[in-house]
Engineer: 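Just passing along the structure, written as structure tokens.
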Amino acid sequence: MYWGIVCPLYGISLFLPSIIRELGYTSSTAQLLTVPIYITAACITIVVAYYSDKSKSGRAPYIFLPMCAILIGFIIAISASAVGGLPGLVYAGVFIATCGIYPAFPGNITWMSNNLAGSYKRSAGMAIHIGAGNLAGAMASNFYRSNDAPKYLLGHGLEIGFVTVGLVAVVVLRTGYKRINDKREREGNEAGLSLKEMSEMGDRAPTFRYML
């Protein structure tokens with residue numbers, strides 16, 4: 001799931017100016033054309049984060065829907081690139097994808113943190129999560145090759161693949177959490193564990209409920 005967000009993030013961060021420049025703009029104009037994208041994405045991120053914190057439906061929808069925007073954006077970009085002669089549409093696709101990346105990124109990390117209980121487990125889990133997830137940068141840095149310019153079909157296609165797998169992972173993870181929560185609701189504290197024992201179990205405790 002994290003790779004489905006971070007691969008597009010690194011791809012956009014590293015190659016957005018190059019993509020725009022290949023559309024026919026000068027380097028300075030290409031840099032300036034990235035500004036509206038990031039400003040809009042920042043504003044959307046704040047709004048999504050606010051409603052995610054206030055929502056009772058859980059974190060998953062606020063990760064899943066932005067990831068759908070990433071997928072739609074790259075589908076638009078690859079379609080317009082394949083046809084050729086549609087630089088504005090490619091720019092629009094990248095715009096939409098970026099506006100999905102930045103809200104999904106903190107949501108993913110927050111969801112993981114919410115569902116790890118016990119300070120040591122949370123610390124180690126978050127370190128592994130972010131450390132392994134950032135390996136996506138090593139992959140994404142090779143997606144947009146210079147010999148693929150100006151269409152970058154390979155890069156866009158790989159991003160679509162990672163996002164699609166990430167979306168499946170969101171659904172699988174939420175389904176797994178829901179199944180465990182339902183099981184714990186049914187069984188309760190059948191083992192008769194003490195509060196101290198349950199505290200030491202962290203998110204494995206029968207009283208712990210995963211955030212969906």
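Counting begins at 1 with the first residue of the sequence.
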Engineer: Which pairs of donor and acceptor atoms, one on a side chain in residues 65-78, lie under 3.5 Å apart (sequence neighbours left out)?
Structural biologist:
none

Engineer: Counting distance only, does the side-chain N/O of Trp111 pair as donor-acceptor with the main-chain N or O of Met211 below 3.5 Å?
Structural biologist: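 Yes; judged by distance alone, with no hydrogens or angles, the pair exists.
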Engineer: Take Ile12 and Tyr38 through the side-chain contact (heavy atoms from CB on, under 4.5 Å) test and state the conclusion after the steps.
Structural biologist: CA-CA 11 Å; Ile12 291 292; Tyr38 289 124; 3.9 Å; yes
Engineer: Below 4.5 Å, heavy atoms only, C-beta onward: do Pro206 and Glu187 meet side chain to side chain?
Structural biologist: no
Engineer: Sequence neighbours left out, what passes side chain to side chain donor-acceptor pair (under 3.5 Å) with Ser194? Give chain and number order.
Structural biologist: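 Side chain to side chain donor-acceptor pair (under 3.5 Å) check on Ser194 returns Glu197.
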Engineer: Using the rule given for side-chain contact (heavy atoms from CB on, under 4.5 Å), can you reason through Tyr51 versus Val47, listing the C-alpha separation, both sets of side-chain angles and the distance that settles it, and then say yes or no?
Structural biologist: CA-CA 6 Å; Tyr51 283 104; Val47 172; 3.8 Å; yes
Engineer: For Arg145, check salt bridge (Lys or Arg N to Asp or Glu O under 4.0 Å) against everything at least two apart and list the hits.
Structural biologist: Asp148
Engineer: Under the rule for side chain to side chain donor-acceptor pair (under 3.5 Å), what residues qualify as partners of Asp182, not counting sequence neighbours?
Structural biologist: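 By the side chain to side chain donor-acceptor pair (under 3.5 Å) rule, Asp182 matches Lys178.
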Engineer: Mind checking whether Leu153 and Val94 sit in one hydrophobic cluster, side chains of I, L, V, M, F, W, Y counted as touching below 4.5 Å?
Structural biologist: yes
Engineer: So does Leu195 get a backbone contact from the side chain of Ser199, meaning a donor-acceptor N/O pair under 3.5 Å?
Structural biologist: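 No, because the side chain of Ser199 does not come within donor-acceptor range (under 3.5 Å) of the backbone of Leu195.
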Engineer: If every non-hydrogen atom of Ala80 is compared with every non-hydrogen atom of Val90, which pair is closest and at what distance?
Structural biologist: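 Of all heavy-atom pairs spanning Ala80 and Val90, the closest is CB-CG2, 3.6 Å.
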Engineer: How would you list, by chain and number, every residue that makes a side chain to side chain contact (heavy atoms under 4.5 Å, CB included) with Arg184, sequence neighbours excluded?
Structural biologist: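 Arg184: side chain to side chain contact (heavy atoms under 4.5 Å, CB included) contacts with Ile180, Phe208, Arg209, Tyr210.
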Engineer: Under the ring-ring contact (aromatic ring centres under 6.0 Å, His included) rule, collect the residues that match up with Phe64, sequence neighbours excluded.
Structural biologist: none
Engineer: Quick one: list whatever passes side chain to side chain contact (heavy atoms under 4.5 Å, CB included) with Pro106, sequence neighbours left out.
Structural biologist: Thr45
Engineer: Test of understanding: clusters of I, L, V, M, F, W, Y form through side-chain heavy atoms closer than 4.5 Å, transitively. Do Ile109 and Val48 belong to the same one?
Structural biologist: no
Engineer: Please name the pair of heavy atoms, one in Pro103 and one in Thr98, separated by the smallest distance, quoted to 0.1 Å.
Structural biologist: CD-O, 4.5 Å
Engineer: Quick one: CD on Glu159 to OG1 on Thr164, what's the gap to the nearest 0.5 Å?
Structural biologist: 11.0 Å
Engineer: Show the nearest heavy-atom pair for residues Met198 and Ala205, with the distance to one decimal.
Structural biologist: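 That closest heavy-atom pairing would be O-CB, 3.3 Å.
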Engineer: Using salt bridge (Lys or Arg N to Asp or Glu O under 4.0 Å) as the criterion, list what pairs up with Arg59, not counting sequence neighbours.
Structural biologist: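 So Arg59 forms a salt bridge (Lys or Arg N to Asp or Glu O under 4.0 Å) with Asp53.
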Engineer: Who are the side chain to side chain donor-acceptor pair (under 3.5 Å) partners of Ser146, not counting sequence neighbours?
Structural biologist: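 Scan of Ser146 (side chain to side chain donor-acceptor pair (under 3.5 Å), adjacent residues dropped) gives none.
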Engineer: Output all residues satisfying ring-ring contact (aromatic ring centres under 6.0 Å, His included) with Phe143, sequence neighbours left out; order by chain, then residue number.
Structural biologist: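 ring-ring contact (aromatic ring centres under 6.0 Å, His included) list for Phe143, sorted by chain: Phe162.
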Engineer: Distance check, rounded to the nearest 0.5 Å: Ile37 atom CD1 versus Ile101 atom CD1?
Structural biologist: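 Answer for the CD1-CD1 pair, Ile37 versus Ile101, is 10.0 Å.
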Engineer: Should Val6 and Leu173 be counted in the same cluster of Ile, Leu, Val, Met, Phe, Trp and Tyr side chains packed under 4.5 Å apart?
Structural biologist: yes
Engineer: To the nearest 0.5 Å, how far apart are CE in Met126 and OG in Ser113?
Structural biologist: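 It comes to 5.0 Å.
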Engineer: Under the side chain to side chain donor-acceptor pair (under 3.5 Å) test, which residues partner Tyr144, sequence neighbours left out?
Structural biologist: His156
Engineer: Tyr62, Met1: one ILVMFWY side-chain cluster at the under-4.5 Å cut-off?
Structural biologist: no
Engineer: Measure the CG-OG1 distance between Leu212 and Thr175 for me, rounded to the nearest 0.5 Å.
Structural biologist: 9.5 Å
Engineer: Is the side chain of Tyr91 donor-acceptor paired with the backbone N or O of Leu33 at a distance under 3.5 Å, no angle test?
Structural biologist: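 It does hold such a pair.
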Engineer: Is there a side-chain contact between Met112 and Ile130, using heavy atoms and a 4.5 Å cut-off?
Structural biologist: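 Sidechains of Ile130 and Met112: no contact.
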Engineer: With sequence neighbours excluded, what pairs up with Lys196 under the salt bridge (Lys or Arg N to Asp or Glu O under 4.0 Å) test?
Structural biologist: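 Expected list: Glu200.
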Engineer: Hey, are the side chains of Ile5 and Ile63 touching, using non-hydrogen atoms and a 4.5 Å cut-off?
Structural biologist: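 Yes, close enough: below the 4.5 Å cut-off.
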Engineer: Taking Leu135's backbone N and O only, do any of them form a donor-acceptor pair with Trp3's side chain (distance below 3.5 Å, no angle check)?
Structural biologist: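 No, because the side chain of Trp3 does not come within donor-acceptor range (under 3.5 Å) of the backbone of Leu135.
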Engineer: Look up atom CG in Leu32 and atom OG1 in Thr34, then write down how far apart they are to the nearest 0.5 Å.
Structural biologist: 7.5 Å
Engineer: Of all the heavy-atom pairs spanning Ser57 and Ser55, show the shortest one and how long it is.
Structural biologist: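 The pair with the smallest heavy-atom distance is OG-OG, 2.6 Å.
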Engineer: Starting from Tyr10, can I reach Val165 by hopping between I/L/V/M/F/W/Y residues whose side chains sit under 4.5 Å apart?
Structural biologist: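 As far as the 4.5 Å side-chain criterion goes, Tyr10 and Val165 are not connected within one cluster.
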